[in-house]
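Read through the structure below, which is laid out as structure tokens, and then see the notes.
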Amino acid sequence: MTSTSLALTWNPIDWSLIHGPIPYAVLAAGWGALIALAVSRGRTWWSRRLPAALLLAAVLTKLLGIVVDDWWHPFPEGLPRYVTWWIATAVLGLCLAGFRAPRLPGARRKLFAFGGAALVLLMSSSQVNRGFEQYPSGRVMLAPFLSKTQQLTTGKDTKTISPPPGQVLEDVWHAPPGLPAKGTVSKTPIPGTKSGFKARDGYVYLPPAYQASPRPLLPVVVLLGGQPGVPEDWVNTAQLNETLDAFAAKHQGLAPIVVMPDQLGSTWNNTLCFDSKIARVQTYLAEDVPAWVHQNLQAAKGRGSWSIGGASMGGTCALQLAVNAPDVYGSFLDMSGQEEPTLGTRAQTVAAAFDGDDAAFEAVDPLTVMARRKFPDTAGAIVVGKTDDEFRGQQEKVYQAALAAGMKAKFDLMPGGHGWVIFRPGIVDQLPWLAQQTGLIR
């Protein structure tokens, strides 16, 4: 082991927040604090204040569930049960501290009561994070402050390399001396010129080979995040640039150009990825994004060189674009997506997006489209967690529909539920497949 790897191993911000001593220490401290808050010698505590705290916590948790799932409704499928459980635990800790602190003499004891509530809140947050794996380490949590982007390389090279028919790019590419070891990540606006969609800035990964001259005409992968989410989730949470750099190191600097546009418009918005009264996101992803890429970058052209992928709502979007814009995208990656775009129920979705016009919805609904049309030249990878009770059955249905539509489809189960616990290793596993489908490697 090198001194560099030792330094990384012993750097506290690289310690796991998902496995090992840190999350278990937080769990033990949180339960200890909750028990300490719940136990008292006073008789009135057991007969009046503790029952009142428990009742208040139950009422507040129920009200919070109504506000989030029934009124605000940011997630079509609702909050996962384990998230609701840990929210209830955090609320209980706050209620217990609220009932205990006024009865404790001295500012120090009051501070201890609210310190205990803070430990319960920390424990609950840690357990939710362990379920989603949004932040596997402190480095990932701090990535928005630590990571740096570079100016996008937009100049065109007068000499390019592309494979002849029957070959892949790796067959004809030889890395020149002095090729950079790593690619670049750039933040850039990708305007909705034709669609009118007001997207947030997207991100672009350019592999080391893109810096060479002659420049290889690389395939493009358009990668979409989930909802709620931001485009930089792929850079900060998934650390996608590290995955792509590792792939490039094994293939003489070759990797796909990865474009990470915004299909939401804001963190909590659900555009459904349709062209509807909500937004014209299908036009944005099928026309604006490819046009921007060809205007600003040098990349391979043709549906065989373009793939679209995503996670959760982004996976549903990828499926939608693959069947509604098959002339643009020849392959897709659907990780933990839904069987159809939804705002909760079919009726709610049709009403919000198409003014109640069921025929308009079915004209672009992916499973309905696949039922009436064949896609023998489209390849699809469907990925889902083994313990994802909400989405596994839906993904199995999508896979069967893809096969029935003549697609070259595959179905992969991964250990885990729903979240970055699947998305992060999923993109690592599927990257070679994406590279094969887009003509980069054999």
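- When all heavy atoms of Gly344 and Thr349 are compared, the pair lying nearest together is N-OG1, 4.2 Å.
- Under the 3.5 Å distance criterion, the side-chain polar atoms of Thr387 are matched with a main-chain donor or acceptor of Gly416.
- In terms of modelled atom types and a separation under 3.5 Å, the side chain of Ser307 and the main chain of Ser331 share a donor-acceptor contact.
- Within 6.0 Å of CZ in Arg81 there are 12 or fewer heavy atoms belonging to other residues, nucleotides or ligands.
- A donor-acceptor pair under 3.5 Å links the side-chain atoms of Asp69 to the main chain of Leu79, judged by distance alone.
- Side-chain contact check for Pro256 versus Val220: every heavy-atom pair is 4.5 Å or farther apart.
- With sequence neighbours excluded, the residues forming a side-chain hydrogen bond (donor to acceptor under 3.5 Å, both in side chains) with Arg346 are Glu340, listed by chain and number.
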Distance-only check: which donor-acceptor pairs under 3.5 Å involve side-chain atoms of residues 373-381, not counting sequence neighbours?
from: Lys374; atom 1: NZ; to: Ala404; atom 2: O; distance (Å): 2.6
from: Thr378; atom 1: OG1; to: Arg303; atom 2: NH2; distance (Å): 3.1

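- Partners of Gln282 according to the side-chain contact (heavy atoms from CB on, under 4.5 Å) rule, which considers only residues two or more places apart in sequence or in another chain, are Asp275, Leu321, Asn324, Val364.
- Residue pairs satisfying the ring-ring contact (aromatic ring centres under 6.0 Å, His included) criterion with at least one member in residues 239-263, sequence neighbours excluded, are listed as follows: Phe247-His251.
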In sequence, state the C-alpha distance, the side-chain angles, and the governing distance for Asp412 and Gln430, and then conclude on side chain to side chain donor-acceptor pair (under 3.5 Å). CA-CA 10 Å; Asp412 290 339; Gln430 300 303 323; 2.9 Å; yes
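- Sorted by first and then second residue, the ring-ring contact (aromatic ring centres under 6.0 Å, His included) pairs with a member in residues 384-442 read Trp234-Trp420, Phe391-His418, Tyr399-Phe411, His418-Phe423, Trp420-Phe423; sequence neighbours excluded.
- When all heavy atoms of Leu224 and Cys317 are compared, the closest pair comes out as CD1-CB, 3.5 Å.
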Stepwise side-chain contact (heavy atoms from CB on, under 4.5 Å) test for Leu244 and Leu240: CA-CA 6 Å; Leu244 292 163; Leu240 182 64; 3.7 Å; yes
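- A distance-only check finds no donor-acceptor pair linking the side chain of Gln239 to the backbone of Val140 [under 3.5 Å].
- Of the possible polar contacts, one joining the Ser125 side chain to the Leu121 backbone as a donor-acceptor pair under 3.5 Å is found.
- Of the possible polar contacts, one joining the Gln394 side chain to the Glu390 backbone as a donor-acceptor pair under 3.5 Å is found.
- Phe274 places a side-chain heavy atom less than 4.5 Å from the side chain of Pro341.
- Taking 4.5 Å as the limit, every side-chain heavy atom of Thr316 sits out of range of all side-chain heavy atoms of Cys273.
- Taking 4.5 Å as the limit, every side-chain heavy atom of Leu206 sits out of range of all side-chain heavy atoms of Val258.
- Atoms CG and CG, on Leu27 and Leu119 in that order, are 12.0 Å from each other to the nearest 0.5 Å.
- Under a cut-off of 6.0 angstrom, the local environment of NZ in Lys156 is crowded, with over 12 non-hydrogen atoms contributed by other residues, nucleotides or ligands.
- Evaluation of the side-chain hydrogen bond (donor to acceptor under 3.5 Å, both in side chains) rule for Asp288 yields Ser195 as partners, not counting sequence neighbours.
- Distance CE/Met260 to OH/Tyr203: 9.0 Å, rounded to 0.5 Å.
- If you take CG on Asp157 and OG on Ser213, they are separated by 3.5 Å, rounding to the nearest 0.5 Å.
- With sequence neighbours excluded, the residues that form a ring-ring contact (aromatic ring centres under 6.0 Å, His included) with Tyr284 are Phe197.
- Between atom CD of residue Glu170 and atom CD of residue Gln436 there is a gap of 10.0 Å, rounded to the nearest 0.5 Å.
- In this structure, Ser312 contributes its side chain and Gly314 its backbone to no donor-acceptor pair below 3.5 Å.
- Looking at every heavy atom in both residues, Ser137 comes nearest to Leu17 through C-CD1, 3.6 Å.
- Looking only at distances, no side-chain donor or acceptor of Asn11 sits under 3.5 Å from a matching main-chain atom of Asp14.
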Checking side-chain contact (heavy atoms from CB on, under 4.5 Å) for the pair Ile278/Leu272: CA distance, chi angles, key distance, verdict? CA-CA 8 Å; Ile278 296 175; Leu272 298 171; 3.8 Å; yes
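- The existence of a salt bridge linking Lys386 and Asp388 is excluded, since no basic side-chain nitrogen approaches an acidic carboxylate oxygen closer than 4.0 Å.
- A distance-only check finds no donor-acceptor pair linking the side chain of Gln263 to the backbone of Leu285 [under 3.5 Å].
- Once rounded to the nearest 0.5 Å, the distance linking CE of Met414 with OG of Ser336 reads 9.0 Å.
- Within the structure, salt bridge (Lys or Arg N to Asp or Glu O under 4.0 Å) pairs that include any residue of residues 200-219 comprise Arg200-Asp262 (at least two apart or interchain).
- For the residue pair Lys187/Gln151, the side-chain donor-acceptor check at 3.5 Å is not satisfied.
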Begin with the C-alpha distance, continue with both residues' side-chain angles, and end with the deciding distance and a verdict on side-chain contact (heavy atoms from CB on, under 4.5 Å) for Trp306 and Val221. CA-CA 6 Å; Trp306 280 65; Val221 175; over 6 Å; no
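- You'll find the side chain of Ile87 stays beyond 4.5 Å of the side chain of Val128, heavy atoms only.
- Remark: side-chain polar atoms of Thr149 are not paired, donor with acceptor, to backbone N or O of Val185 under 3.5 angstrom.
- Residue pairs that meet the salt bridge (Lys or Arg N to Asp or Glu O under 4.0 Å) test with at least one member in residues 422-442, sequence neighbours left out, are Glu133-Arg424, Asp171-Arg442.
- Other residues, nucleotides and ligands place no more than 12 heavy atoms under 6.0 Å from the NZ atom of Lys397.
- Residues Asn269 and Thr271 form a side-chain contact, since some pair of their non-hydrogen atoms from C-beta on lies under 4.5 Å apart.
- Every residue meeting the side-chain hydrogen bond (donor to acceptor under 3.5 Å, both in side chains) condition with Asp245, not counting sequence neighbours, appears here in chain and number order: Tyr205.
- Considering only residues two or more places apart in sequence or on other chains, Lys301 meets the side-chain hydrogen bond (donor to acceptor under 3.5 Å, both in side chains) condition with none of them.
- One finds the CG atom of Leu169 at 9.5 Å from the OG1 atom of Thr438 (value rounded to the nearest 0.5 Å).
- Using bins of under 30°, 30° to 60° and over 60° for the plane-to-plane angle, the ring pair Tyr82/Phe132 lands in the tilted bin.
- The minimum heavy-atom distance linking Val168 with Ile441 is given by the pair CG1-O, 3.8 Å.
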Evaluate side-chain contact (heavy atoms from CB on, under 4.5 Å) for Met335 paired with Leu333, printing each intermediate quantity in order. CA-CA 6 Å; Met335 293 192 293; Leu333 169 62; 3.9 Å; yes
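- Under the 4.5 Å side-chain criterion, counting only non-hydrogen atoms from C-beta, Ile382 is not in contact with Leu319.
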If you look only at distance, which donor and acceptor atoms sit under 3.5 Å apart when one is on a side chain in residues 174-182 and the other is two or more places apart or in another chain?
none

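- In this structure the side chain of Trp292 reaches within 4.5 angstrom of the side chain of Val204, judged on heavy atoms.
- A pairwise comparison of heavy atoms in Glu339 and Pro366 identifies O-CG, 4.1 Å as the closest pair.
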